[in-house]
Amino acid sequence: MHKKAILLLSGGLDSATCCAIAKDQGYLLYALSFDYGQRHSVELDAAKRVADHFSVLEHKIIRIDGSVMATSSLTSAVAVPKNRDLDSSRSEIPNTYVPARNTVFLAYALAYAEILGVSDIFIGVNALDYSGYPDCRPEYIAAFETMANLATKSGVQGKKLTIHAPLINLTKAQIISRGVSLGFDYGITHSCYDPSADGFACGECDSCRLRKKGFAEAGVKDPTRYAPGN
């Protein structure tokens, strides 16, 4: 009998790899993506492609009022930072941080898991090659899992819910290598925070630069369509 799991799916490199890993482990997946007014909403098209590729059982795109998260450059007219020093990215929280985003997303996943009677949630957070977001750290995932089992009917009745974060301690290169080993084509994903109107990745935001670095270190050809000169 197949296990079922909820997957948070952005359409980016990390969540797609997480999807590949969950499928490889034999899970049947229900995917959740979120439209929260992000400037890189093209990622939702990528999420649909990834969901189709892995034949998820159901893919919901949930609309959230992004005005409550409007201090982020991803949800406002504030400029996305470009060409930051990646070595300092883990000690500085950039303005691309969206307030409480993973907490909101995981709360939806938690509710959906209870409705479906599912005990497993997958999220593609990463604490090594990332932009310094506090809700991507192992201690955050552990704390949310503890809270989830205290705050739900299934949890207090002894049906433990587990938050799986299989990429949490991997470098971007290791993540890419893992996905390639599972036969995944990263050409259907999207990572850029500030894409052009015609869908080209900027090549200069944190997400683009970490993606470039990961492919280079993994020795894998980067399939991304970058803007000319990047």
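Any value given below was found using the heavy atoms of this structure, including those in side chains, with hydrogens, waters and symmetry copies removed.
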**Student:** CD1/Ile175 to CG/Leu167 distance, rounded to the nearest 0.5 angstrom?
**Tutor:**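 Separation between the atoms: 4.5 Å.
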**Student:** What is the distance from atom CZ of Arg63 to atom CG of Asp35, rounded to the nearest 0.5 Å?
**Tutor:**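 Rounded to the nearest 0.5 Å, the CZ-CG separation comes to 4.5 Å.
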**Student:** Considering non-hydrogen atoms only, spot the tightest contact between Ala218 and Ile176 and give its length.
**Tutor:** CB-CG2, 4.2 Å
**Student:** Kindly work out whether a path of hydrophobic side-chain contacts (I/L/V/M/F/W/Y, heavy atoms less than 4.5 Å apart) joins Met147 to Ile6.
**Tutor:** yes
**Student:** Can any side-chain N or O of His190 pair as donor or acceptor with the backbone N or O of Cys192 at less than 3.5 Å?
**Tutor:**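 At least one qualifying donor-acceptor pair exists.
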**Student:** With distance as the sole test, does Thr162 use its side chain to make a donor-acceptor pair with the main-chain N or O of Asp120 at under 3.5 Å?
**Tutor:** no
**Student:** Stepwise, does the side chain to side chain contact (heavy atoms under 4.5 Å, CB included) test hold for Phe34 with Ile61?
**Tutor:** CA-CA 5 Å; Phe34 297 87; Ile61 297 179; over 6 Å; no
**Student:** What heavy-atom pair brings Leu8 and Ser15 nearest, and what distance separates the two atoms?
**Tutor:** O-CB, 3.6 Å
**Student:** Run the salt bridge (charged side-chain N to carboxylate O under 4.0 Å, His left out) check on Arg39 and Asp194 step by step: do they pass?
**Tutor:** CA-CA 7 Å; Arg39 69 167 68 209; Asp194 194 24; 3.4 Å; yes
**Student:** For Thr189 and Arg211, test the side chains for any donor-to-acceptor distance below 3.5 angstrom and give the result as yes or no.
**Tutor:**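 Yes, side-chain donor-acceptor contact under 3.5 Å.
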**Student:** Looking at CG of Leu32 and CG of Leu106, how far apart are the two atoms once the value is rounded to the nearest 0.5 Å?
**Tutor:** 10.0 Å
**Student:** Is a side-chain donor or acceptor of Arg209 paired with a backbone partner of Glu204 at a separation under 3.5 angstrom?
**Tutor:** no
**Student:** Short question: side chain of Glu114, backbone of Lys153 - any donor-acceptor pair under 3.5 Å?
**Tutor:**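 Confirmed, Glu114 side chain pairs with Lys153 backbone.
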**Student:** How long is the gap from CG on Asp14 to SG on Cys19, to the nearest 0.5 Å?
**Tutor:**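 Going from the CG atom of Asp14 to the SG atom of Cys19 covers 13.0 Å.
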**Student:** Show, in sequence, the C-alpha distance, side-chain angles and deciding distance for Lys213 and Glu217, and conclude whether the side chain to side chain contact (heavy atoms under 4.5 Å, CB included) test is met.
**Tutor:** CA-CA 6 Å; Lys213 178 174 176 281; Glu217 291 179 351; 3.4 Å; yes
**Student:** Can you list the steps and then say if Ile123 with Ile163 is a side chain to side chain contact (heavy atoms under 4.5 Å, CB included)?
**Tutor:** CA-CA 7 Å; Ile123 182 171; Ile163 309 293; 3.9 Å; yes
**Student:** Taking all non-hydrogen atoms of both residues, which atom of Leu210 and which atom of Lys172 are closest, and how far apart?
**Tutor:** O-CG, 3.5 Å
**Student:** With hydrophobic residues grouped by side-chain heavy-atom distances under 4.5 Å, do Phe122 and Leu57 end up in a single group?
**Tutor:**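 As far as the 4.5 Å side-chain criterion goes, Leu57 and Phe122 are not connected within one cluster.
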**Student:** Donor-acceptor check, side chain of Asn149 to backbone of Gly155, threshold 3.5 angstrom: yes or no?
**Tutor:** no
**Student:** Please walk me through it: do Leu128 and Asn126 pass side chain to side chain contact (heavy atoms under 4.5 Å, CB included)?
**Tutor:** CA-CA 6 Å; Leu128 294 182; Asn126 170 255; 4.3 Å; yes
**Student:** Classify the ring geometry of Tyr133 against Tyr97: parallel below 30°, tilted from 30° to 60°, perpendicular beyond 60°.
**Tutor:** tilted
**Student:** Between the main-chain N or O of Thr171 and the side-chain N or O of Gln174, is there a donor-acceptor pair closer than 3.5 Å?
**Tutor:** yes
**Student:** I'd like to check Val104 versus Met69 (side-chain heavy atoms, cut-off strictly below 4.5 Å). Are they in contact?
**Tutor:**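 Yes, at least one pair of side-chain atoms sits under 4.5 Å.
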**Student:** Does NZ or CZ of Lys23 come closer than 6.0 Å to the centre of the six-membered ring of Phe54, within 45° of the ring's axis?
**Tutor:**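 No, cation not above the ring by the 6.0 Å, 45° rule.
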**Student:** Counting N and O atoms only, with roles assigned by atom type, does the side chain of Asn102 sit under 3.5 Å from a partner on the main chain of Asp135, one being a donor and the other an acceptor?
**Tutor:** yes
**Student:** Would you say the rings of Tyr36 and Phe105 are close, in the sense that their centroids are separated by under 6.0 Å?
**Tutor:**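 Judged by ring-centre distance (under 6.0 Å), Phe105 and Tyr36 do meet the cut-off.
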**Student:** Quick test of your reading of the model: are Lys212 and Asp222 salt-bridged, counting only N-O distances below 4.0 Å?
**Tutor:**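 So Lys212 does not pair with Asp222 through a salt bridge.
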**Student:** With rounding to the nearest 0.5 Å, note down the distance linking CD1 in Ile188 to CG in Asp45.
**Tutor:** 12.0 Å
**Student:** Please check this pair: side chain of Lys159 against backbone of Gly117, looking for a donor-acceptor N/O pair closer than 3.5 Å.
**Tutor:**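 Yes; judged by distance alone, with no hydrogens or angles, the pair exists.
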**Student:** I want to check something: taking the side chain as every heavy atom from C-beta on, are Cys205 and Thr96 in contact at a cut-off of under 4.5 Å?
**Tutor:** no
**Student:** How close do Ala201 and Cys208 get, counting heavy atoms only, and between which atoms?
**Tutor:**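 It is CB-SG, 3.7 Å.
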**Student:** Looking at Thr75 and Gly66, what are the two nearest heavy atoms and their distance?
**Tutor:**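 So the minimum-distance heavy-atom pair works out to CB-O, 4.3 Å.
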**Student:** Let me check something: do Val125 and Tyr193 share a hydrophobic cluster, defined by ILVMFWY side-chain heavy atoms less than 4.5 Å apart, either directly or through other members?
**Tutor:**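 Yes, Val125 and Tyr193 fall within the same hydrophobic cluster.
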**Student:** For the side chain of Glu43 and the backbone of Gly12, is there at least one donor-acceptor N/O pair under 3.5 Å apart?
**Tutor:** no
**Student:** Between Asp206 and Lys82, does any side-chain N to carboxylate O distance fall below 4.0 Å?
**Tutor:**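 Looking at Asp206 and Lys82, the cut-off is not met.
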**Student:** Could you tell me the separation between the SG atom of Cys136 and the CD1 atom of Ile141, rounded to the nearest 0.5 Å?
**Tutor:** 7.5 Å
**Student:** Using modelled atom types and a 3.5 Å cut-off, is there a donor and acceptor pairing between side-chain atoms of Ser76 and backbone atoms of Val78?
**Tutor:** yes
**Student:** Is the distance between the ring centroids of His59 and Tyr30 under 6.0 Å?
**Tutor:** no
**Student:** Mind checking whether Leu28 and Val50 sit in one hydrophobic cluster, side chains of I, L, V, M, F, W, Y counted as touching below 4.5 Å?
**Tutor:**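 Looking at the clustering, Val50 is in a separate group from Leu28.
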**Student:** How far apart are the closest heavy atoms of Ala113 and Leu161, and which atoms are they?
**Tutor:** CB-CD1, 3.9 Å
**Student:** Classify the side-chain pair Thr103/Tyr140 by whether it contains a donor and acceptor separated by less than 3.5 Å.
**Tutor:**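 Yes, Tyr140 and Thr103 have a side-chain donor paired with an acceptor closer than 3.5 Å.
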**Student:** Can Tyr112 be reached from Leu9 by stepping across I, L, V, M, F, W or Y side chains whose heavy atoms are under 4.5 Å apart?
**Tutor:**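 Leu9 and Tyr112: separate clusters.
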**Student:** Could you tell me if the side chain of Thr224 sits less than 4.5 Å from the side chain of Ser191, heavy atoms only?
**Tutor:**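 When only atoms from C-beta onward are counted, Thr224 and Ser191 do not touch, as no gap falls below 4.5 Å.
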**Student:** Report yes or no: do Tyr186 and Thr17 form a side-chain donor-acceptor pair below 3.5 Å?
**Tutor:**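 Looking only at side-chain atoms, Thr17 and Tyr186 do form a donor-acceptor pair, the distance falling under 3.5 Å.
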